[in-house]
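Below, read A as the first sequence line, B as the second, and so on, with proteins coming before strands; counting in each chain starts at 1.
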Protein chains: 2
Amino acid sequence: MVAESELNTGVLLFLPYRALENRVFAALAEAGFDDFTPAQARVMQRIGPDGTRLTELAEQAQITKQTAGFLVDQLEKAGYVTRVPDPTDKRARLVRGAAKAWAAKEVANAVVAEVEREWEEHLGKRRMKQLREALTLLREVTDPWA
Amino acid sequence: MVAESELNTGVLLFLPYRALENRVFAALAEAGFDDFTPAQARVMQRIGPDGTRLTELAEQAQITKQTAGFLVDQLEKAGYVTRVPDPTDKRARLVRGAAKAWAAKEVANAVVAEVEREWEEHLGKRRMKQLREALTLLREVTDPWA
DNA sequence: TGACATTGGTCAGAGTCTCTGACTAATTTG
DNA sequence: CAAATTAGTCAGAGACTCTGACCAATGTCA
């Protein structure tokens, strides 16, 4: 057992993911966006520019639609989203991000960019590129919505 | 915006992590290890060969020690762990994995190895090596216990 | 040595997240 | 058009997590 970590790839993926998420949450809280929870954020993150159906949010977040509904209720109360009728289907409603959500997203994006810069500095441009390449390729076998 | 995904590195890390975790859980359940939850597993995973203190488990899992205590209680009732006094500190106890836990870990390890093989097949040996290299290097800036 | 701070852990209570099951309404299918 | 599917809700329960308060053992340092 020399150099190279013996950690399995799962842990290796999780560690930087968690570090990044922590950074984003801290920055969001500092910017005043402290009235939503991680669970709510994981749903909000998946709202498309033109709104997204509850069922689709649930699928992508891998939670039940009941849970998704519960979380969207909270987000709605906090002013992050609104629900509008889906013009193409009278059963459905579209969950739309409100201005507050996009403002939060901007803060989050800035932090992600910052952390990505730090990582690139640590790894070097070449290795960072390789990392993103490999991960992107991996989506093909791990992302049901790829 | 061409080819290459525009997803941020966080999502890119999360997707394969979740896919792997799902695979492991499914296999565990199929092998009869269906009496513990993901939250419990995330604590159990961190128990060292000679046992680990509650406080340390809590820190590494990034949960409060109360929550860790709650989860270890469940694991103890289900027969996955035992608590023994820490010979070096009368306040502390060591959470030790029981045989059942090591058996589950074996199943989990096998699945992880299988998935890693699949990923290597998809990425090619070279890119898989680069991926693990980059992730391992990233630990230095993202893992507080590195 | 002895007061004081720190550390390991528990108890109690509350809020949040998540699920299963059962149901309504609209849409799609044969 | 009847039957099956899909979008979503309501109700209830279990699981997870936190804050605050607390006790006992250990460490610090004058």
Side-chain angles (χ1 to χ4, degrees), chain A residues 18 21-22 25-26 28-29 33-48 50-78 80-96 145, chain B residues 18 21-22 25-26 28-29 33-48 50-78 80-96 145:
Chain A
R18 184 175 64 179
E21 195 180 66
N22 286 345
F25 261 86
L28 245 13
F33 298 106
D34 56 357
D35 54 348
F36 61 89
T37 67
Q40 289 162 27
R42 282 190 280 271
V43 167
M44 185 158 46
Q45 213 181 357
R46 292 172 163 84
I47 299 173
D50 305 318
T52 305
R53 290 187 188 175
L54 191 64
T55 305
E56 203 184 325
L57 292 177
E59 278 174 5
Q60 295 198 15
Q62 294 191 9
I63 53 180
T64 61
K65 50 189 183 173
Q66 293 94 321
T67 300
F70 172 81
L71 295 170
V72 168
D73 284 347
Q74 320 291 314
L75 287 169
E76 201 170 19
K77 277 176 206 154
Y80 285 98
V81 309
T82 58
R83 293 199 241 215
V84 301
D86 182 334
T88 74
D89 189 332
K90 281 179 193 160
R91 290 168 302 179
R93 290 196 282 170
L94 292 174
V95 179
R96 278 183 187 285
W145 294 268
Chain B
R18 186 176 62 179
E21 195 180 64
N22 286 345
F25 260 86
L28 246 13
F33 296 107
D34 56 356
D35 54 347
F36 61 87
T37 67
Q40 289 162 28
R42 281 190 280 272
V43 167
M44 187 159 45
Q45 213 182 358
R46 291 170 164 86
I47 299 173
D50 305 319
T52 305
R53 290 186 188 175
L54 191 63
T55 304
E56 204 184 326
L57 291 177
E59 278 174 4
Q60 295 199 15
Q62 295 191 8
I63 54 180
T64 61
K65 50 190 182 172
Q66 293 92 323
T67 299
F70 172 80
L71 294 171
V72 168
D73 283 347
Q74 320 291 314
L75 287 168
E76 201 170 19
K77 276 175 205 154
Y80 284 98
V81 310
T82 58
R83 293 199 239 216
V84 303
D86 183 334
T88 73
D89 189 332
K90 280 180 194 161
R91 291 168 302 177
R93 289 197 283 169
L94 292 174
V95 178
R96 278 184 188 284
W145 292 268

*Mind running side chain to side chain contact (heavy atoms under 4.5 Å, CB included) on A:R53 and A:R93 for me, showing each step along the way?*
CA-CA 6 Å; A:R53 290 187 188 175; A:R93 290 196 282 170; over 6 Å; no

*What do the steps show when you test B:R46 against B:E59 for side chain to side chain contact (heavy atoms under 4.5 Å, CB included), and what is the final call?*
CA-CA 10 Å; B:R46 291 170 164 86; B:E59 278 174 4; over 6 Å; no

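Considering B:V43, B:V95, B:T52, B:L94 in turn, B:V95 is the only one that fulfils the side-chain contact (heavy atoms from CB on, under 4.5 Å) rule with B:V81.
Using a 4.0 Å heavy-atom criterion, one finds that A:R83 contacts the sugar-phosphate atoms exclusively. As judged by a 4.0 angstrom heavy-atom cut-off over every strand, B:T55 is placed among residues touching the sugar-phosphate backbone only. B:Q66 comes within 4.0 angstrom of a base, heavy atoms only. The residue B:T37 sits close only to the backbone: its heavy atoms come under 4.0 Å of sugar-phosphate atoms, none of a base. The residue A:E59 sits apart from the nucleic acid: no heavy atom pair falls under 4.0 Å.
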*Where along nucleotides 23-30 of chain C does protein come under 4.0 Å, by heavy atom, of base (B) or sugar-phosphate alone (S), with - for untouched nucleotides?*
--BBS---

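Proximity of B:R93 to the phosphate of C:dT10: a side-chain N or O atom is located under 4.0 Å from OP1 or OP2. Regarding contacts with the backbone of C:dC17, a side-chain N or O of A:Q40 is found under 4.0 angstrom from either OP1 or OP2.
What separates CD of B:Q60 from C1' of C:dG8 is a distance of 16 Å, to the nearest Å. The distance between atom CD1 of A:I63 and atom P of D:dA7, rounded to the nearest whole Å, is 15 Å. As rounded to whole Å, 13 Å separates atom P of D:dA15 from atom CG of B:L75. In this structure, CG of B:D73 is placed 11 Å from C1' of C:dC11, rounded to the nearest angstrom. The interatomic distance linking A:D35 (CG) with C:dT16 (C1') rounds to 15 Å, in whole Å. Protein atom CD of A:Q74 is 11 Å distant from nucleotide atom P of C:dT18, rounded to whole Å. In this structure, B:F70 atom CZ and C:dC17 atom C1' are separated by 13 Å, rounded to whole Å. Here C:dT16 presents its P atom at 16 Å from CZ of A:R42, a figure rounded to the nearest Å.
A residue-by-residue look at A:E56 and B:L71 shows that A:E56 has its nearest nucleotide of DNA chain D further toward the 5' end.
The minimum heavy-atom distance linking B:F25 with B:P38 is given by the pair CZ-CA, 3.3 Å.
A salt bridge links B:R42 with B:E21: at least one charged nitrogen is closer than 4.0 Å to a carboxylate oxygen.
Looking only at distances, a side-chain donor or acceptor of B:R96 sits under 3.5 Å from a matching main-chain atom of B:D50.
Taking only side-chain atoms of A:L54, from C-beta outward, the nucleotide of D:dC18, C:dT20, D:dG8 with the closest atom is D:dG8. Checking C:dG9, D:dG8, C:dT18 against the side-chain heavy atoms of A:T67 singles out C:dT18 as nearest.
By the 30° and 60° cut-offs, the orientation of the rings of A:F36 relative to A:Y80 is perpendicular.
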Cut-off 3.5 Å, no hydrogens considered: what does the side-chain donor-acceptor table look like for residues 66-76 of chain A, sequence neighbours left out?
residue, atom, partner, partner atom, Å
A:T67, OG1, A:T64, OG1, 2.9
A:D73, OD1, A:R83, NH2, 2.1
A:Q74, NE2, A:F70, O, 3.3
A:E76, OE1, A:R83, NE, 3.3

